[in-house]
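Since the structure comes first, as structure tokens, the remarks are kept for the end.
In what follows, residues are counted from 1 in the order of the sequence shown.
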Amino acid sequence: MRILYALVAATAFAFAPAAPPRTAVAPGATRRGRDGKIYVGEPEPIEQVGDLLRNLGRGLEQGARGVMDDVFGKQPVLNPIPIEMPPEEPEAIPEKDPFDFPPPSRPHGGDWGLDRSQVDGFVPPPDDAAWIAPGKVVAAADEHGQYYDATVLELRTRADGGIGAAFVQFIGWEDWPSEWVARESLAYLPPRSAPPVDDAALSPEALAERRRVNRRSQDCWQFDQFTKAFAGSWRGAGERYVAAGRALAVAATFDAKLDLERRDDATVASAHDAWALAVSEQRTNFVVLDSLGDGAAEPAREAAAPPLGAVTLKPATFRAEARDGGELGGTAANGEAFSTARVDGDALVVDVWARAADDALSLRVAYEKTTGGAWAFACCDLARWCPAGGAAAPAGDALGTGLYDVHRRLRDMATRGALDESVGIHELRLPGRVTAAFPRTLDPGRGGLNANGGGVVSLDLVAGDMRIQVDRVFDTPLGDLASFEITDILVDDAEKFPAKPLRLPGRVTAAFPRTLDPGRGGLNANGGGVVSLDLVAGDMRIQVDRVFDTPLGDLASFEITDILVDDAEKFPAKPVGILTAGGLAPCLSSAVGFLIEKYTLADPTIEIICYASGYKGLLSGDSTVVTPAIREQASAFQLHGGSPIGNSRVKLTNVADCVKRGLCREGEVPLEVAAHQLKKDGVTILHTIGGDDTNTQAAKVAEYLKENGYPICVVGLPKTIDNDVIPIKQSLGAWTAAEEGAKFFANVVNEMSANPRMLIIHECMGRDCGYLTAATAKAYCDNLTGLPFVPGLGLCRQKKSIHAVYIPELAIDIERESARLKKIMDKYDCVNIFLSEGAGVKDIVAELEAKGETVERDAFGHVKLDKVNPGAYFAKQFAAKLGAEKVLVQKSGYMARAAPANVADRALISACCTLAVECGLKGSSGCIGQDEERGDVLREIEFDRIKGGKAFDTTQVWFQDMHAAAMCG
């Protein structure tokens, strides 16, 4: 089984822009705030914001993550045919109406508020001034076209003297602030015998009754919203993820169906009591995959996060309180999102659903109570839904880019997780530009913003041209709803939103928008923005934010955050060094990008230095500092192969070779030169991305520095397409290399139709290990399965099949193989061989040296395989014996190793980089990987256990089956 690893851990977020703060709301409130978010539920104390910030410019410096697919824009059309077109008339751009205010957001629904047809029935006086005047009660429309009683407080007039907008206070809604409402959204209300009374004039009992009625109206509105978004029949497919060390891995797959049917009671007059929705969620084909290591597969049991089954939702269900016994509670809906919680004994299950265009996504996270009183993550299910009878839209290959606006509670967990591995967060970045994030642990005794054991479950997705993030916030492990928040913003605006910080002497930072544009849309649709100032006063760090809605500077909010300097500066700000070395692999660019992102999110003040061309740049002092602009664009590295900072093959202990290449002077020790350069640059954490040689050399540098009084943390990442590093189960880039090699041969194999008696040898990389050749052959065979063939006209599977697989771990009997392959050649007119470049090399070298020829070797003593040319050797051996009329030797190695990382590799790379950053910040050295000698757990493996030369396990069932099929022709 190929495990898809997903990003996990404390600092694992994509660039999160400096979005405006969430506005505190009253208990039971539901509304869209000035920042574009929709809120339900109780506010969080504003003063708790101070517990979050860990450094000055966090959120201000971090650019919004670019969506991968849009990084380079549209590509030019090749060879366009010129067509003479009449000149186009310039499009007239209408002047923006200064009174075109967005309608207020407001709960609405069947038996509360008035709709348009009702207000049109009231005939207003001919003169607006007679009924739209300060002190008058009018009807003001919300964004859904529902009208509510409101008192006019202030007017703005147009140039022609007419009324352009009114500043109104809605009556009976304690959480609904005053709003400017355009004239077109106001309607006349005829005088009443008992006109509405302002809240302030009511008795406590009357005010409580008004708010009870409003609460019931809000319940109906949420029910109505959920019904409109999800009613109908759905079918879905999903995956269950469990923790495998610090990584998340796919443990099971399933299919599901969801039916939502209205079952209102027509005999009850009140919508609050009459409305009902029957919900049935059933799961089918729940398949638990292979074990992921010690105990990791246990939460894959289906009952760990059961489906909803058959339940009935009513407006009264939409309350913040959780319920026991597995009943739905803490339920909320807003726009096209929904969340609920179920508590059953020692288990908590939290659901977050979101509509994505015509489809939907659901995230279900389960926690189990431990003996120590904390609640530990058990598993999560992520399902994609489409209407029953329809076809699901393809998810696409682009991964999620992290949460757009990381909730402060979640960021607090991430911050604490960097210092304490028992806490932190899990994050999934999945195809279709989906990101999910949630706590590893709910611990009532932990402290911080989640002191009572609460947390946040977040789901971020792209639907059309909109980016949507849904956050369910709860205060305790019982899942009681604290707030339910939705952020929606145009994808383009999500990339342009962040402000730029200005850092000045005296530990002062200022940040403000580049442009105020009323026509831009997004969270600053009216041309507003935020001006922020951050400073240190004594032992306190203070941040002041003025938020305004329009270019006129109207005050939206004024916020102050203060925190002890010590609490804000727990991360080291010393420079981090990164280098890539050895041959290429489809992981280098991705790993560099992920490391930059994760350090920027941990602390954007940490300087990052990239050494050019691996150890060559370290010896020569050739390096580049990662600028804020590079940090903003780091997601682009996921789209590219190779290494953006360059590679080289340099062995620090081979003094003669380093002197010969001019990397150090005669008499110098390369190890000391490298160590002194790191000390000169102030680097305290060095990340080396390479094979066993690269990482063991880094360990020697660290050992030298430690002995000389300059301790440094070295954290390696295992890069090799050969997958031959002991004791690492899966090295970075190997999955992609196999996939790309299979694609390569899928085209090359068609050459068998160009010539009779064709011998094709596909040479794959792999000096001492046959993994890549075997994995490439398997990927090719998997792709071949299911393709249609037409044997009657020569298109038969046998001609495209693999007839031999030769790897270093298996001996090759030339004479015996020649006899077997000749029979295949005679029958099918072709023979296809997969050959590892290291297969038979020892025999070839011995033969060459016996002839007196010198075999070239590199700085590490490895035979230069391009000089030996195993493919040509075996072609020569087999050609005559098989009676081949044409021989074609094709090498996929350079194509495969230079490719960008695929989805599976990116997920594994991301998980490894997350742990690498954690280890770096804690000062824990080692090479990150799944430790085969420790139950395949992802951990920092001691450098003295890292070795090369791991042989491919030829006893694996899939290889035995594939090899047997090839041997049978």
Side-chain angles (χ1 to χ4, degrees), residues 23 29-39 94-192 195-196 198 214 217-218 221 224-225 228 334-335 488 518-519 521-528 549-552 554 556:
T23 307
T30 305
R31 68 182 182 81
R32 184 186 297 271
R34 294 176 183 272
D35 56 3
K37 298 181 184 297
I38 300 173
Y39 298 91
E95 182 179 354
K96 179 175 174 59
D97 184 348
F99 298 101
D100 183 18
F101 296 97
S105 298
R106 185 61 259 155
H108 75 289
D111 59 355
W112 62 98
L114 302 172
D115 61 26
R116 184 76 214 185
S117 64
Q118 291 172 299
V119 297
D120 283 347
F122 303 135
V123 181
D127 183 7
D128 281 356
W131 62 277
I132 307 178
K136 295 284 189 180
V137 175
V138 298
D142 72 355
E143 62 181 341
H144 305 287
Q146 292 289 311
Y147 286 78
Y148 298 88
D149 293 353
T151 302
V152 177
L153 303 178
E154 185 181 346
L155 297 176
R156 284 182 181 172
T157 56
R158 299 181 182 275
D160 60 4
I163 295 174
F167 192 61
V168 302
Q169 172 67 58
F170 290 90
I171 297 173
W173 298 93
E174 61 179 327
D175 64 301
W176 197 356
S178 303
E179 300 269 3
W180 280 104
V181 180
R183 166 62 186 86
E184 290 73 19
S185 295
L186 298 176
Y188 172 70
L189 285 179
R192 302 175 186 175
D198 285 333
N214 288 344
S217 293
Q218 183 190 43
W221 178 79
D224 186 53
Q225 289 287 287
K228 290 177 178 177
N334 215 323
D488 54 358
L523 298 185
N524 295 292
N526 297 323
D549 280 337
T550 72
L552 298 178
D554 298 338

Return the minimal non-hydrogen interatomic distance between V152 and A133, and the atom names on each side.
CB-O, 3.2 Å

Looking only at heavy atoms, the pair that brings L153 and P134 closest together is O-CB, 4.0 Å

Report the relative orientation of the aromatic rings in W131 and Y188; use parallel for angles under 30°, tilted for 30 to 60°, perpendicular for over 60°.
perpendicular

Over all atoms of both residues, closest heavy-atom pair of A140 and L186
CB-CD2, 4.0 Å

Tightest non-hydrogen contact, residues I163 and R158, listed as O-NE, 3.8 Å

Euclidean distance, K136 NZ relative to T151 OG1, rounded to 0.5 Å
12.0 Å

What is the minimum heavy-atom distance between L155 and I132, and which atoms define it?
CD1-O, 3.5 Å

CH2 of W180 to CD of E154: how many Å apart, nearest 0.5 Å?
4.0 Å

